[in-house]
Amino acid sequence: MMQRCEICAAALAVAGTVPGYQAPDTYTILRCDVCNTMVSSPKRLETKVYEAIYAVPGGPPGYDRNFQYAKAVKRTKNPLAYLMSRQDAFWGVIQLLRTSGAKRILEAGSGLGYFTYALRRAGYDAVGIDVSAEAVTRARREFGDLFRAESIESYAASSSEKFDAVVMVEVIEHLEEPIRVLESALRLLAPGGSIIVSTPNRSFFGYEAKWTTDLPPVHLWWFSEDSITAMARRLRCISFAADFTAYNRKYPILHTYESPLAPMFDSDGSIIRRENGLISLARRFGVLHEAYWLASCAAGKLSRYRSARRPTLVAAIKAE
């Protein structure tokens, strides 16, 4: 039986197979050549994988920066400026928030809480929700009672609150049913409000790439600009993407991370994916991402890089 794309209803084709984030699982990757979306099969969240991620002290490669940001924002005078300089997703979200004039913000998928905290420190009326009770407990302990352990669907069903923006930073690629979640987010918006999403950008890598984002079931989807446009159309909304030209001029891309096609964890949840010794040491001492940032700053003074794209896609979805 032919499988159809959940985003645009076109026929899906098999792109290949990849190992899972945790051994010994394997996944089939399906692609849509109309909206340029990729999706894993099976498309199913696995809580054991996230439990393994949170169990690694300081986080495994790719997630360690989240733990570092949670510490760093407490030590800096301007947490939001710090995050915007270190990660393009935050810069893009803030550009779209400023464009819309949003003040009342719900961060859905707030994780360790540092972005919600940074928004509050910058004057936004921001609160966060996350399905992980463990993450919410940590966020409350570090940043105060700004967080609830709840899904966006349950929050939309029970809350009468309205927001100028619902922000999802690196969330939609993890969801089993992104359209349904976005429908719930729309119900939480005040008139004129927007959903702002960030996600790994398939368009940046070219459509011949097999699957360079995190392995399933951590990432279940790999979206493109066309994907976001198609999702907005399904929701009877419009969408527009952040332009990264100014960011690229200041922080040019020195190295594009591509997830190796090898499991991160064995079946017991122990890390088995090995890195270069120097990289591993820099990551262990928490200086890897800062070193990259410093190198990018230096390159920005010489670079003529003028692309509007990044490996991260940030877009607003807004009712017409």
Side-chain angles (χ1 to χ4, degrees), residues 3-7 12 15 17-32 37-56 59-63 66-67 89 106-113 128-139 147-158 166-185 195 197-200 202 211-223 227-228 231 234 259 261-273:
Q3 292 182 271
R4 294 283 176 179
C5 175
E6 295 176 37
I7 307 303
L12 293 172
T17 60
V18 297
Y21 198 84
Q22 184 167 11
D25 299 334
T26 60
Y27 292 79
T28 299
I29 301 300
L30 306 174
R31 72 171 193 271
C32 175
T37 300
M38 278 186 158
V39 61
S40 73
S41 178
K43 178 173 59 68
R44 183 176 61 244
L45 289 170
E46 295 286 356
T47 56
K48 66 176 184 177
V49 176
Y50 289 98
E51 289 170 357
I53 288 172
Y54 276 109
V56 176
Y63 283 82
N66 298 327
F67 291 82
L106 173 67
E107 186 188 4
S110 52
L112 297 175
I129 59 173
D130 199 284
V131 294
S132 170
E134 171 65 22
V136 167
T137 297
R138 293 188 184 203
F147 308 94
R148 290 172 57 173
E150 195 163 2
S151 72
I152 195 166
E153 299 98 313
S154 64
Y155 193 76
S158 63
V166 174
V167 172
M168 302 183 195
V169 179
E170 311 295 298
V171 170
I172 60 171
E173 64 272 14
H174 298 265
L175 302 174
E176 290 183 356
E177 298 181 79
I179 295 291
R180 182 167 59 85
V181 172
L182 291 172
E183 287 173 338
S184 295
I195 304 169
V197 300
S198 79
T199 190
R202 186 179 175 220
W211 184 272
T212 66
T213 190
D214 281 349
L215 292 170
V218 175
H219 288 183
L220 300 174
W221 300 85
W222 196 16
F223 295 114
S227 309
I228 302 298
M231 283 193 280
R234 279 277 308 273
S259 179
L261 295 180
M264 176 67 74
F265 296 125
D266 64 19
S267 58
D268 294 323
S270 300
I271 291 180
I272 56 175
R273 187 189 297 170

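Here the rule is side chain to side chain contact (heavy atoms under 4.5 Å, CB included) with Leu12, and of Arg4, Gln3, Met38 only Gln3 fits it. The residue from Ile29, Leu30, Thr17 that alone fulfils the side chain to side chain contact (heavy atoms under 4.5 Å, CB included) condition with Ser41 is Leu30.
Counting only N and O atoms by type, the side chains of Glu173 and Thr199 include a donor and acceptor under 3.5 Å apart.
Taking CG of Asp266 as the start and CD1 of Ile272 as the end, the distance is 5.5 Å to the nearest 0.5 Å. Residue Asp25 holds its CG atom at 11.0 Å from OG of Ser40, rounded to the nearest 0.5 Å. Between atom CE of residue Met231 and atom OG1 of residue Thr37 there is a gap of 6.5 Å, rounded to the nearest 0.5 Å. Note that the CD atom of Glu46 and the OH atom of Tyr21 stand 14.5 Å from one another [nearest 0.5 Å]. Distance check, rounded to the nearest 0.5 Å: CG of Leu215 to CZ of Phe265 gives 11.5 Å. A distance of 11.5 Å separates OG1 in Thr137 from CG in Leu112, rounded to the nearest 0.5 Å.
A distance-only check finds no donor-acceptor pair linking the side chain of Trp222 to the backbone of Thr212 [under 3.5 Å]. Of the possible polar contacts, one joining the Ser158 side chain to the Ser154 backbone as a donor-acceptor pair under 3.5 Å is found. Checked by atom type and distance alone, the side chain of Asp130 pairs as donor or acceptor with a backbone atom of Ser110 at under 3.5 Å. With hydrogens and angles disregarded, no donor-acceptor distance shorter than 3.5 Å links the side chain of Glu6 to the backbone of Glu177.
For the pair Ile152 and Val171, the minimum side-chain heavy-atom distance is 4.5 Å or more. No side-chain heavy atom of Val136 sits under 4.5 Å from any side-chain heavy atom of Arg148. Using a 4.5 Å heavy-atom cutoff, the side chains of Arg273 and Pro61 are not in contact. In this structure, Val56 and Tyr63 have side chains that are not in contact, with every pair of non-hydrogen atoms separated by 4.5 Å or more. Between Glu107 and Phe147 there is no side-chain heavy-atom pair separated by less than 4.5 Å. Side-chain contact between Ile172 and Ile228 is present, with heavy atoms from C-beta onward closer than 4.5 Å.
Between Ala149 and Ala133, the closest heavy-atom pair is CB-CA, 4.1 Å. Ala139 and Gly111 get closest at one heavy-atom pair: CB-O, 4.0 Å. Contact between Gln22 and Gly269 at its shortest, heavy atoms only, is NE2-N, 3.5 Å. For the pair Ser198 and Ala89, the tightest heavy-atom approach, listed with the atom from each and the gap, is OG-CB, 3.8 Å. The shortest non-hydrogen separation linking Pro216 to Pro19 is CD-O, 4.3 Å. Contact record, Arg31 with Ala15: NH1-CA, 4.0 Å, taken as the closest heavy-atom pair.
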Verdict with reasoning, Ile7 to Trp221, per side chain to side chain contact (heavy atoms under 4.5 Å, CB included): CA-CA 11 Å; Ile7 307 303; Trp221 300 85; 4.0 Å; yes

Val166 and Leu182: CA distance, side-chain angles, deciding distance, side chain to side chain contact (heavy atoms under 4.5 Å, CB included) verdict: CA-CA 10 Å; Val166 174; Leu182 291 172; over 6 Å; no

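Under the 30°/60° scheme for interplanar angles, the aromatic rings of His174 and Tyr50 are found to be tilted.
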